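Working notes, beginning with the structure itself.
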There are 2 protein chains.
Amino acid sequence: MSSTPSSAADGAPAAGASLTPAFSPLYQQIKGLILHSLQHGEWKPGEAIPSETELAARFRVSQGTVRKAIDELAAENLVMRRQGKGTFVATHAEQQVQYRFLKLQPDNGDVRGEAPAERTVVECRRVRASADVARALALRTGDAVMQARRVLSFAGVPTILEDIWLPGQAFKGLTAGQMAGYQGPTYAMFELDFGVRMVRAEEKLRAVLPDPAQAQWLAVDTSTPLLSVERLAYTYNDAPMELRRGLYRTDTHHYHNELS
Amino acid sequence: MSSTPSSAADGAPAAGASLTPAFSPLYQQIKGLILHSLQHGEWKPGEAIPSETELAARFRVSQGTVRKAIDELAAENLVMRRQGKGTFVATHAEQQVQYRFLKLQPDNGDVRGEAPAERTVVECRRVRASADVARALALRTGDAVMQARRVLSFAGVPTILEDIWLPGQAFKGLTAGQMAGYQGPTYAMFELDFGVRMVRAEEKLRAVLPDPAQAQWLAVDTSTPLLSVERLAYTYNDAPMELRRGLYRTDTHHYHNELS
DNA sequence: GAGTGGTCTAGACCACGCG
DNA sequence: GCGTGGTCTAGACCACTCA
């Protein structure tokens with residue numbers, strides 16, 4: 001990667017082997033380099049990354065090109081800009097929005113204030129991955145995974161029952177205490193204690209009836225319809241790192257979504 | 001708005017009356033002007049807007065400033081860029097994604113192919129707004145609204161039951177034939193026949209049990225949990241223009257959502 | 001006042017679509 | 001070959017933060 005625009009495609013495949021020229025703008029390549037540093041922990045969550053000028057010097061491109069790269073990273077919530085201060089590695093802790101991935105809201109607007117949910121961890125143990133869990137997490141059936149089950153209550157009312165599966169390798173030693181004790185988002189604990197940062201997620205929603213055990217945890221009867229939310233959360237690289245199956249009570253809360 | 005940077009805040013409040021200086025970047029002001037033209041139909045959905053160079057000349061700013069304004073409009077899906085061709089007013093018709101706001105997907109991936117839903121319009125009539133409908137649509141109780149009810153089926157299986165409310169004034173003369181007959185998204189028909197373009201929407205999801213009538217329309221029994229989706233769709237200006245209450249069967253489909 | 005991100009400009013060149 | 005959006009640069013100045 002030199003400083004002349006004409007060599008912007010330096011990273012392209014070698015001599016004529018490719019049908020699609022795979023032209024890649026310089027700023028995309030810079031973005032890739034910054035992303036690489038993020039993945040490999042050159043800067044930790046919450047820390048500032050080098051200034052645009054500094055990165056421009058390091059990569060031998062103009063500040064405007066670095067800016068466009070960082071613009072995209074900021075749009076993807078991987079990085080947070082603060083005018084006058086710098087650009088910071090995004091983190092699930094100390095973020096203005098506490099539960100970024102939780103779309104359940106109380107029916108009576110009341111912002112997202114609402115006491116930040118009491119957690120009861122029902123269990124947390126090391127198990128072997130079933131076929132479907134393994135497939136979701138890109139593991140092999142029988143591989144070690146950590147499994148946790150917990151109940152979240154709002155104002156004393158049990159509202160969410162969740163089962164969580166995590167790859168055993170990355171989350172070796174996870175305890176019920178960690179799942180319960182940490183103040184703030186569980187994903188913030190994952191960053192601090194395991195160095196795993198969840199970057200994006202996909203959810204599949206369905207309406208279901210609970211089985212008797214589930215109904216008991218949520219203090220409803222088995223004829224109460226519940227919102228089933230299956231979430232697959234990814235870290236950098238689109239690597240799946242968490243499978244979560246949740247049951248939400250939607251009598252006092254609703255799942256809120258914005259479309260555009 | 002002159003061409004010197006120092007007058008970038010031309011649109012700010014008059015002499016010292018404001019506590020918050022309300023500095024507004026030039027590109028935001030340009031964005032506002034383009035938005036105004038979009039709202040007032042200077043360019044119709046699907047048409048090209050003037051080139052960046054042309055707009056830069058019209059507004060007496062640099063092409064880069066226009067570009068940044070259009071960048072934001074494109075990010076909000078109000079406008080679509082096509083390299084080499086131009087920038088086009090976004091439309092719900094002829095878009096690569098047919099049903100942009102419909103997040104229901106068949107369980108067996110199968111892309112979004114799946115035959116584009118047979119529509120059965122059950123009713124479509126002019127009624128007086130109830131209190132809650134009026135509040136949602138920013139009308140007064142008793143104002144005229146159009147109400148439609150329909151069933152969407154996939155592969156012959158009734159899957160969605162929807163009630164739709166629209167402001168009577170803007171949608172005067174809407175018929176069941178229009179709701180049923182139009183090929184493609186209903187929102188495309190709204191653009192063509194009523195000049196109303198839906199720009200964004202909010203949805204509230206819940207798990208519910210159907211009443212006997214609803215169950216019959218969806219060919220399920222009253223103990224089958226269904227996904228209740230209440231959508232409020234907005235046109236330009238954040239003006240609410242449609243209330244939609246849907247019941248989704250989630251035995252063969254699921255509601256898919258991306259978080260980031 | 002020094003440093004950071006944010007805005008604005010002007011000009012050169014590239015990739016794409018189409019006649 | 002022309003016009004469009006897309007990339008890249010370089011430099012000036014503005015707004016914000018903090019010491």
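These figures come from a predicted structure and were not determined experimentally. In what follows, every chain begins at residue 1, and chains take the letters A, B, ... in the order their sequences are listed.
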>> Of the options D:dT7, C:dT4, C:dA10, whose atoms approach the side-chain atoms of B:S62 most closely?
In response: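 The answer is C:dA10.
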>> Taking the minimum atom-to-atom distance to the side chain of B:P25, which one of D:dT7, C:dT7, D:dT4 wins?
In response: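 Nearest listed nucleotide: C:dT7.
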Could you check how far [atom1] of [X] sits from [atom2] of [N], rounded to whole Å?
X     : N      : atom1 : atom2 : answer
B:E52 : D:dT7  : CD    : P     : 11 Å
B:R67 : C:dG11 : CZ    : C1'   : 14 Å
B:Y27 : C:dG5  : OH    : C1'   : 12 Å
A:R60 : D:dT9  : CZ    : C1'   : 15 Å
B:E54 : D:dG3  : CD    : C1'   : 11 Å
B:Q63 : C:dT9  : CD    : C1'   : 11 Å
B:Q28 : C:dT7  : CD    : P     : 8 Å
A:L26 : D:dA10 : CG    : C1'   : 15 Å

>> Contact list please: residues 38-46 of chain A against DNA chain C, heavy atoms, distance less than 4.0 Å, in numerical order.
In response: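 Going residue by residue through residues 38-46 of chain A, none turns out to have a heavy atom under 4.0 Å of DNA chain C.
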> So what does B:T87 hit on the nucleic acid, given a heavy-atom distance under 4.0 Å: a base, only sugar-phosphate, or nothing?
Replying inline: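 Answer is sugar-phosphate: B:T87 comes under 4.0 Å of backbone atoms only.
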> At how many degrees, to 10°, do the end axes of the helix from C:dG1-D:dC18 to C:dC18-D:dG1 meet when each uses five pairs?
Replying inline: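 Rounded to the nearest 10 degrees, the bend comes out at 10°.
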Considering residues at least two apart in sequence or located in another chain, which fulfil the salt bridge (charged side-chain N to carboxylate O under 4.0 Å, His left out) criterion with [X]?
X      : answer
B:D193 : none
B:E230 : B:R245
A:E162 : A:R150, A:R244

Can you sort out the partners of [X] under side chain to side chain contact (heavy atoms under 4.5 Å, CB included), two or more places apart, ordered by chain and number?
X      : result
B:K85  : B:R82, B:F88
B:A56  : B:Q63, B:V66
B:A136 : B:L232, B:L243
B:Q83  : none

>> If the test is side-chain hydrogen bond (donor to acceptor under 3.5 Å, both in side chains), which one of B:Q105, B:K103, B:E203 qualifies with B:Y255?
In response: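 In the set B:Q105, B:K103, B:E203, the residue that makes a side-chain hydrogen bond (donor to acceptor under 3.5 Å, both in side chains) with B:Y255 is B:E203.
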> Which pairs count as salt bridge (charged side-chain N to carboxylate O under 4.0 Å, His left out) when at least one residue sits in residues 61-75 of chain A, sequence neighbours excluded?
Replying inline: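 Every pair satisfying salt bridge (charged side-chain N to carboxylate O under 4.0 Å, His left out) with a residue in residues 61-75 of chain A: A:K31-A:E72, A:E52-A:R67, A:D71-A:R81.
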>> Tell me which residues in residues 72-85 of chain B lie within less than 4.0 Å of DNA chain D, going by non-hydrogen atoms.
In response: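 Within this stretch, B:R81, B:R82, B:Q83, B:G84, B:K85 sit under 4.0 Å of the strand.
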> Is there a donor-acceptor pair under 3.5 Å between the side chain of A:H92 and the backbone N or O of A:M198?
Replying inline: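 Here the side-chain-to-backbone pair exists.
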> B:F194: what forms a ring-ring contact (aromatic ring centres under 6.0 Å, His included) with it, not counting sequence neighbours?
Replying inline: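 ring-ring contact (aromatic ring centres under 6.0 Å, His included) list for B:F194, sorted by chain: B:F171.
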